[in-house]
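What follows is a short report on a single structure.
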Amino acid sequence: MSESIAIENGIETGAATASAGAVIPKPQVRATLGLFGATANAMALIAPGAFLWITYQLQAAATSPSGASVASDIWSGIVVALALCFLTAISYSELAKIYPEAGFASVTYFAEKAFLDSQGLKRGTPTSLARFSKVVTGWAAHLFYWVYPGVMVAMMANLIGYLYTAFTGKTLSVEELVIIATVFAFVTGYIAYRGVNGSTVTAIWINIIQLVTLVVFTTLAIYYRWSNPQAATTWSFSGALDVIRPHSLNGVLIQSTLAILILVGFESCTALAAEVKEPKTTIPKAIILSLVIQGLFAYLLEYFGAGYMINEKLTFTAAGQTAAVTGMSAAAGSGAPIGDLAQILGNSLFHGLGFGLMITMAITVAIAVVGTTLSCMNTAVRVTCGMAEDLELPKFLSFISKHGTPHTALWTLVIVSCIIAAIGVQSVVGLTGITLASNFGTFVLYGFTCVWTIIAFKNRSDFKLLKHGLIPVLGVIANVIMLAAIIYLYSIGNADSKMEAKICFYMCGAWAIASFLYVIVGTVSKTYDLKMISVVIRPERLNILAEVLKDEELMMGMTVTRVKGFGRQRGHIDTVNGNADPDMTYFVPKDRVDILVKKWDVPYVMKIIREVLYTGDPGDGKIFVMDASEAMRIRTGEKGVSAI
């Protein structure tokens, strides 16, 4: 088993500069995004136009351990979740400033580099804290990023099911919803496959559409409350202050554990660093800007409007029941309470246009769901690709298509999303369960990021107590509290809450076991497995390469063979007799260098070799990596890694 890379056109996703001064290009991953594009991608993942519709039922149906409704704390729960997100966003922003070269690896690179810098090391070992932090962060990120698209796919299927019922009066079966979810996952995956530029254009239009829609909806909702065209007498909230004030500690904690789903995404632009023109300045701004626009403005505004207008005119009758429930109880029972509110607004304010207003809003929601799913897929596969390039995940997940997309990781994610969505479309309990699993991964990831910020800056001259000490510490505390709330409050709740917690814990537990086993096996392999690196180079670069590898302590010896050969140019170079015959094939003198290294060292050795040998001209050479099943030092009889 072997792999190879052509030095003159190898595909890289991180920044690299040749020792001779030539900048090594990244032909398939191009930096094309500015602040607007990076912010638009992050905003599309936060997607307030989508989440008001698709999560309001979950939030309205939430109960305390005693079974009492905590719907009155929806708005204050969002505020708490928003505060947590800002604490974490500042940490992400500060890390992005000092590690703009992170590329696809994103927060996993932050984690590893923070430890290396704090210890004054260039690179870690298979058992170092630097690698441990990278792996733990990476697997936590995958619990978030790889479950989240499945949640969105399930919510899209439920939205289509609601619209189908609105038009026909019939209900789609679970099997039909699974089929819809599968089709949506593959269509969205194809859009992501086409590349980040196409995704950015889509994200920009989606953001415009959903922001306009939510402003219109909120304005109409507030006007409805003030004008009271239906002569409502029983409002869910007594007034504006009642909407925004906290009502109970348990209620705020429970609502904030759900609200985190609607606010995450601001950090997603860190995975686009390789595709951003000025990542050092652009990424930090995009992180904060996206959260301010979508979280501080959009969510607080639209959730206020929705809660402010709910009254007894909102009704719902469950299947098999004759008595209807009203107000917030109806919102908890309806498959799409915001759609029901839109119908009330249209019918009461526009003389019977409720159905049309609901359909119009539903279409904008569907568009926004496409955007948030697309943005999360883009982020997820880039983090996966970054880890796979470091051999912390299967190598095939790092393959990049002609569109600059990690396509093997993408289609794997699409399949996983279909499986997760099949759980989510079963019921509200199933949907809440997978949502909690995604949120659990989010809190773990965000908590770790705050820790890495403290470690990264503690010994730096630009350390600031507020930004690099107090804020990250508060972020860690807030995320730990959220994790504890999920574990405790859902575990002691009613039957539905316990089932939701069980789904969450099963998914998180399976993910933790799989990651633990993979890391253990990977650590042993990286420590003791050997690889043979064979490099065909220009003879005049041999001594330089040997010195650099020796200085980096990457080899104890090498074997050099004088060879002749040709590549794609068939040996046609200007130095061949001064004038090359186009019909002839020339054998060009080269040196082949063979080095035996530990598996752990392979990516770094390849990186160093390419930096040393790169000129940009044909003939720079190729690197081949092959398995070395065994090695022995003849004099001593030492085997394996001891032999090198």
Side-chain angles (χ1 to χ4, degrees), residues 14-15 34-35 38-39 42-43 46 79-103 105-122 124 128-130 132-134 136-137 140-141 256 260 263-273 276-297 442-483:
L35 177 60
T39 306
M43 285 173 61
I46 303 174
V79 171
V80 171
L82 188 59
L84 180 151
C85 286
F86 268 111
L87 292 173
T88 309
I90 293 171
S91 294
Y92 268 101
S93 178
E94 291 302 303
L95 288 171
K97 289 178 183 177
I98 61 174
Y99 301 133
E101 73 281 7
S106 183
V107 68
T108 62
Y109 181 89
F110 297 161
E112 182 180 36
K113 201 70 167 63
F115 270 98
L116 292 177
D117 287 354
S118 67
Q119 297 171 345
L121 301 174
K122 284 187 177 181
S128 65
L129 280 176
F132 176 76
S133 65
K134 175 181 68 174
V136 170
T137 303
S256 59
I260 198 68
L263 292 167
V264 297
F266 54 86
E267 80 293 337
S268 62
C269 53
T270 60
L272 299 175
V276 172
K277 296 176 183 177
E278 298 290 341
K280 185 173 184 177
T281 56
T282 299
I283 296 297
K285 293 177 182 177
I287 292 170
I288 302 299
L289 192 58
S290 62
L291 188 57
V292 168
I293 296 173
Q294 302 291 62
L296 197 59
F297 167 70
T442 303
F443 293 132
V444 173
L445 174 63
Y446 284 3
F448 277 140
T449 302
C450 293
V451 173
W452 309 149
T453 304
I454 298 170
I455 293 173
F457 280 92
K458 66 177 183 178
N459 295 326
R460 289 176 60 94
S461 59
D462 55 351
F463 172 84
K464 291 182 174 58
L465 180 61
L466 177 61
K467 290 195 294 185
H468 309 135
L470 182 59
I471 288 177
V473 167
L474 291 176
V476 173
I477 294 172
N479 281 288
V480 169
I481 290 174
M482 292 298 101
L483 284 171

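Heavy-atom basis, side chains included; hydrogens, waters and symmetry copies ignored.
Put simply, CD1 on Ile287 and NZ on Lys97 are 9.5 Å apart, with the number rounded to the nearest 0.5 Å. One finds the CZ atom of Phe86 at 9.0 Å from the CG atom of Leu263 (value rounded to the nearest 0.5 Å). Rounded to the nearest 0.5 angstrom, Asp462 CG and Phe457 CZ are separated by 5.5 Å. The CD atom of Glu112 sits 11.5 Å away from the CG atom of Leu129 when rounded to the nearest 0.5 Å. Here the CD1 atom belonging to Ile481 is positioned 9.5 Å from the OG atom belonging to Ser256, to the nearest 0.5 angstrom.
Within the 4.5 Å cutoff, side-chain heavy atoms of Met482 are placed close to those of Leu84. Counting only heavy atoms from C-beta outward, the side chains of Tyr92 and Ile288 never approach each other to under 4.5 Å. Within the 4.5 Å cutoff, the side chain of Arg460 has no heavy atoms near those of the His468 side chain. Side-chain atoms of Phe266 and Gln294, non-hydrogen and from C-beta on, never get closer than 4.5 Å to each other. With a 4.5 Å cut-off on side-chain heavy atoms, Leu296 and Leu291 do not count as touching. Glu94 places none of its side-chain heavy atoms less than 4.5 Å from the side chain of Ile471. In this structure the side chain of Cys85 reaches within 4.5 angstrom of the side chain of Ile260, judged on heavy atoms. In this structure, Val473 and Cys450 have side chains that are not in contact, with every pair of non-hydrogen atoms separated by 4.5 Å or more.
Residues Trp452 and Thr137 have side chains that bring a donor and an acceptor to within less than 3.5 angstrom of each other.
Counting non-hydrogen atoms of other residues, nucleotides and ligands closer than 6.0 Å to NZ of Lys285 gives a total of 12 or fewer. In Glu278, the CD atom is not crowded: 12 or fewer heavy atoms of neighbouring residues, nucleotides or ligands sit closer than 6.0 Å.
Side-chain N or O atoms of Thr282 include none that pairs as donor or acceptor with a backbone N or O of Pro279 at under 3.5 Å. Without hydrogens or angle criteria, Ser93 side chain to Ile90 main chain gives no donor-acceptor distance under 3.5 Å. Between the side chain of Thr453 and the main chain of Thr449, a donor-acceptor pair closer than 3.5 Å is present.
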_Check against side chain to side chain contact (heavy atoms under 4.5 Å, CB included), Leu87 and Tyr446_ = CA-CA 9 Å; Leu87 292 173; Tyr446 284 3; over 6 Å; no

*Given side chain to side chain contact (heavy atoms under 4.5 Å, CB included), test Glu101 with Tyr109 step by step and report yes or no.*
CA-CA 9 Å; Glu101 73 281 7; Tyr109 181 89; 2.5 Å; yes

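The distance between the ring centers of Phe110 and Phe448 does not fall below 6.0 angstrom.
Considering every non-hydrogen atom in both Ser128 and Gly124, the closest pair reads OG-CA, 3.6 Å. Of all heavy-atom pairs spanning Ala140 and Val444, the tightest one is CB-CG1, 3.6 Å. In this structure, Val476 and Gly447 approach most closely via the heavy-atom pair CG2-O, 3.7 Å. Scanning both residues, Ser106 and Thr270, for their nearest heavy atoms gives OG-OG1, 2.5 Å. The two residues Lys458 and Ser118 make their nearest non-hydrogen contact at CE-CB, 4.1 Å. Contact detail for Leu116 and Ala130: the closest heavy-atom pair is CD2-CB, 3.7 Å.
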